Every structure is written in C-alpha cells, then in structure tokens.
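Everything quoted here is computed from the prediction, not taken from an experiment.
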Amino acid sequence: QVQLVESGGGLVQAGGSLTVSCTASGRTFSPYRMAWFRQAPGKERDFVGAITWSTTNTYYKDDVKGRFTISRGNAKNTLLLQMNSLKPEDTAVYYCAAGQGPGSGLNSPRSYNYWGQGTQVTVSS
C-alpha cells in the first residue's frame, strides 16, 4: 500500500554535489521517522542519516556530517538528501526508508517498515 520511490542519482566528479529525492505514496502514510541508507557492492547496508517526521530532528553517520543534509521536501511526503563534497567512497545505491513504530533506534534497519528500490550514486575520481 505504501511505496517509496527514489530519484536523482547519477554520476558526479569527486568534490561535486548531488541531491537525491524520495517520494512516498499512500493515503494513510504517517511515518515517525524517515532515513537514508546506502549499500556498495559486496558491503552491508549502512545508515547515512535520519529525520523524525514531526519534529524534524536530524541524525547523521559521522563521516557524512557537515557534507550531507537531510530535510523534508516542499512536496507532500517528500524526503531530500543533499550531498556536497562527494568522495569516491560515497559511491553506492542509496535507499529511502520509512518507519512508524517505536523502532530499535534511528540508525537500525529494524526501525523501518517501508523501503524504496534505491538510486545509484557514482562518484568518480
């Protein structure tokens, strides 16, 4: 019933910027939290950052603090990830996630009930 769709991925040179978006569909969509995760080939899915939907408190992985910004978009049920000063190590498929229950912490995949199919971000050197 609830679907998340990411967009905006692409190829960027190191040091460049890119913004990816996530749009949620569903009449009763009312998350407590939304987040971005990323996964590179052969590696585990990693937490990038999260936002509480009502209070808009944000939390980030240490190595993206100061470079990435999570925010609610102007469009209804839209989540944005602004990425600056991109590094080749940021290359991954970026996934949008949403959760409604108490969860196991904002950085835990177990706290999220809905997932998008991802958008590829490639940073060249």
- Note on the structure: One should read off an interatomic distance between Gln3 CD and Ser25 OG, to the nearest 0.5 angstrom, of 5.0 Å

- Tell me, with the steps shown, if Tyr95 and Thr119 meet side chain to side chain contact (heavy atoms under 4.5 Å, CB included). CA-CA 7 Å; Tyr95 295 93; Thr119 186; over 6 Å; no

- Would you say the side chain of Glu89 lies within less than 4.5 Å of the side chain of Asp63, judging by non-hydrogen atoms? no

- Message: In the structure I gave you, are the side-chain heavy atoms of Ser54 and Tyr32 within less than 4.5 Å of one another anywhere?
- Response: no

- Which atoms form the tightest heavy-atom contact between Leu11 and Ser124, and what is the distance? CD1-CB, 4.2 Å

- Message: When you compare the side chain of Leu4 with that of Met34, does any pair of heavy atoms fall below 4.5 Å?
- Response: yes

- Query: Roughly how far apart are Asn84 CG and Arg67 CZ, rounded to 0.5 Å?
  - Reply: 9.0 Å

- How many angstroms lie between CZ in Arg38 and CZ in Arg45, if you round to the nearest 0.5 Å? 14.0 Å

- Item | Close side-chain approach of Pro31 to Tyr114, heavy-atom, < 4.5 Å | no

- Flag side-chain contact, heavy atom, 4.5 Å: Met83 against Ser17: no

- Message: Go through it in stages, so that I can follow the logic: the residues are Thr78 and Cys22, the test is side chain to side chain contact (heavy atoms under 4.5 Å, CB included), and I'd like the CA-CA distance, side-chain angles, deciding distance and then a yes or no.
- Response: CA-CA 6 Å; Thr78 300; Cys22 172; over 6 Å; no

- Ile51 CD1 to Asn57 CG distance, which is reported to the nearest 0.5 Å: 8.0 Å

- Item | Contact summary for Ser104 and Arg110, nearest pair of heavy atoms | OG-CB, 4.1 Å

- Shortest non-hydrogen contact between Ser21 and Leu80, atoms and distance: OG-CD2, 3.3 Å

- Cluster question for you: counting only ILVMFWY and a side-chain heavy-atom cut-off of under 4.5 Å, with indirect links fine, are Phe29 and Trp115 together? no

- Query: Could you go step by step and tell me if Asp62 and Lys65 meet the salt bridge (charged side-chain N to carboxylate O under 4.0 Å, His left out) rule?
  - Reply: CA-CA 5 Å; Asp62 284 343; Lys65 288 180 179 178; 3.2 Å; yes

- Message: Can you see whether Trp53 has Arg33 sitting over its ring - NZ or CZ less than 6.0 Å from the centre and within 45° of the normal?
- Response: no

- Message: Any heavy-atom pair between the side chains of Val48 and Tyr60 that's under 4.5 Å?
- Response: no

- Note on the structure: All heavy atoms of Phe37 vs all of Ala35, minimum pair found to be CE1-CB, 3.8 Å

- Item | Exercise: identify the closest heavy-atom pair between Thr91 and Ala40 | O-CB, 3.8 Å

- Quick one: does Asp46's side chain have a donor or acceptor within less than 3.5 Å of a partner on Gln39's backbone? no

- Using the rule that two of Ile, Leu, Val, Met, Phe, Trp, Tyr join whenever any of their side-chain heavy atoms come within less than 4.5 Å, decide whether Leu81 and Val93 are in one cluster. no

- Message: With side chain to side chain contact (heavy atoms under 4.5 Å, CB included) as the criterion, how do Leu86 and Leu18 come out once you've worked through the C-alpha distance, each side chain's angles and the decisive distance to 0.1 Å?
- Response: CA-CA 8 Å; Leu86 283 162; Leu18 192 68; 4.0 Å; yes

- Message: Quick one: does any side-chain atom of Thr58 pair with a main-chain N or O of Ile70 as donor and acceptor, under 3.5 Å?
- Response: no

- How far apart are the closest heavy atoms of Tyr112 and Gly99, and which atoms are they? CD2-N, 3.6 Å

- Can you tell if the side chain of Val121 reaches within under 4.5 Å of the side chain of Val20, non-hydrogen atoms only? yes

- Message: For the aromatic rings, using the six-membered ring if either is Trp, is the centroid distance between Phe47 and Tyr59 under 6.0 Å?
- Response: no

- Between Glu6 (side chain) and Cys96 (backbone), is there a donor-acceptor pair under 3.5 Å? yes

- Gap between atom CG of Leu79 and atom OG1 of Thr23 - 0.5 Å precision: 9.0 Å

- About how many Å separate CD of Gln13 and OG of Ser125, when rounded to the nearest 0.5 Å? 9.5 Å

